[in-house]
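Quick notes on the structure that follows.
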Amino acid sequence: MDEETVERVRAVVAAIPPGETSTYGEVAEQAGLPGRARLVGKILSEDGADLPWHRVLRANGTSAPHIAHEQAERLRAEGILMVDGRLPREHRRTADRRRES
DNA sequence: CCCTTGACGTAAC
DNA sequence: CGTTACGCCAAGG
């Protein structure tokens, strides 16, 4: 794994403004790693302890089971509330937003 | 070198 | 909503 890649991902995550959220896929894209969302998860799990990783959720607004509790708690501290285990689209920054009509 | 495991994503049933 | 299948990729057995 390139340190370069790791740093870019870390930078993107660190740049997410408080009160807003993003997704693994989006972070990957912004970091120049299209389609490598999984990589982002890997990186956050290893070198993301000191980052606002709680602002990063899955594309559908849910979070992985083992971090769900802490995730919800940290977000709540920023004024974001999880509804039925998922995050309302109103709080998603640049996430999905497909099918509107 | 092959196989398994994930903080993932999208499409199809 | 839930499961399958596939695509993607790094790390550890």
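Residue numbering restarts at 1 for every chain, and letters A, B, ... go by the order of the sequence lines.
The other members of the hydrophobic cluster of V27(A), by chain and number, are M1(A), V6(A), V9(A), V12(A), V13(A), I16(A), Y24(A), L33(A), L39(A), V40(A), I43(A), L44(A), L51(A), W53(A), V56(A), I67(A) (side-chain heavy atoms under 4.5 Å, ILVMFWY only).
Among residues two or more places apart in sequence or in another chain, the side-chain hydrogen bond (donor to acceptor under 3.5 Å, both in side chains) test is passed with R76(A) by none. Not a single salt bridge (Lys or Arg N to Asp or Glu O under 4.0 Å) links E73(A) to another residue, sequence neighbours left out.
In this entry the distance linking CD1 of I43(A) with P of dC8(B) reads 13 Å, nearest Å. One can place OH of Y24(A) at 14 Å from P of dT10(B), the figure rounded to the nearest angstrom.
A salt bridge links R74(A) with E70(A): the closest approach of a Lys/Arg side-chain nitrogen to an acidic carboxylate oxygen falls below 4.0 angstrom.
Within the 4.5 Å cutoff, the side chain of S63(A) has heavy atoms near those of the M82(A) side chain.
For the salt bridge (Lys or Arg N to Asp or Glu O under 4.0 Å) condition, no pair includes a residue of residues 27-39 of chain A, sequence neighbours left out.
Distance check on atom P: dC6(C) versus dA7(B) gives 22 Å, rounded to whole Å.
Looking only at distances, a side-chain donor or acceptor of R10(A) sits under 3.5 Å from a matching main-chain atom of D47(A). Side-chain atoms of Q71(A) come within 3.5 Å of backbone atoms of H54(A) as a donor-acceptor pair (strictly under, hydrogens ignored).
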Protein-nucleotides 1-6 of chain B N/O pairs closer than 3.5 Å?
| residue | atom | partner | partner atom | Å |
| --- | --- | --- | --- | --- |
| dG6(B) | N7 | R38(A) | NH2 | 2.7 |

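Reading DNA chain C from its 5' end, the first and the last nucleotide to sit under 4.0 Å from a heavy atom of chain A are dC1(C) to dA11(C).
Nucleic acid contact for L44(A): base, since at least one base atom lies under 4.0 Å from a heavy atom of the residue.
For the pair D84(A) and L39(A), both in contact range of DNA chain C, the more 5′-proximal nearest nucleotide belongs to D84(A). Summary of the strand contacts: P34(A) and E46(A) both lie near DNA chain C, and taking for each the nucleotide with the nearest heavy atom, the more 5' one is attributed to P34(A).
Side-chain atoms of R58(A) lie closest to dC8(B) of the nucleotides dC8(B), dA7(B), dT10(B).
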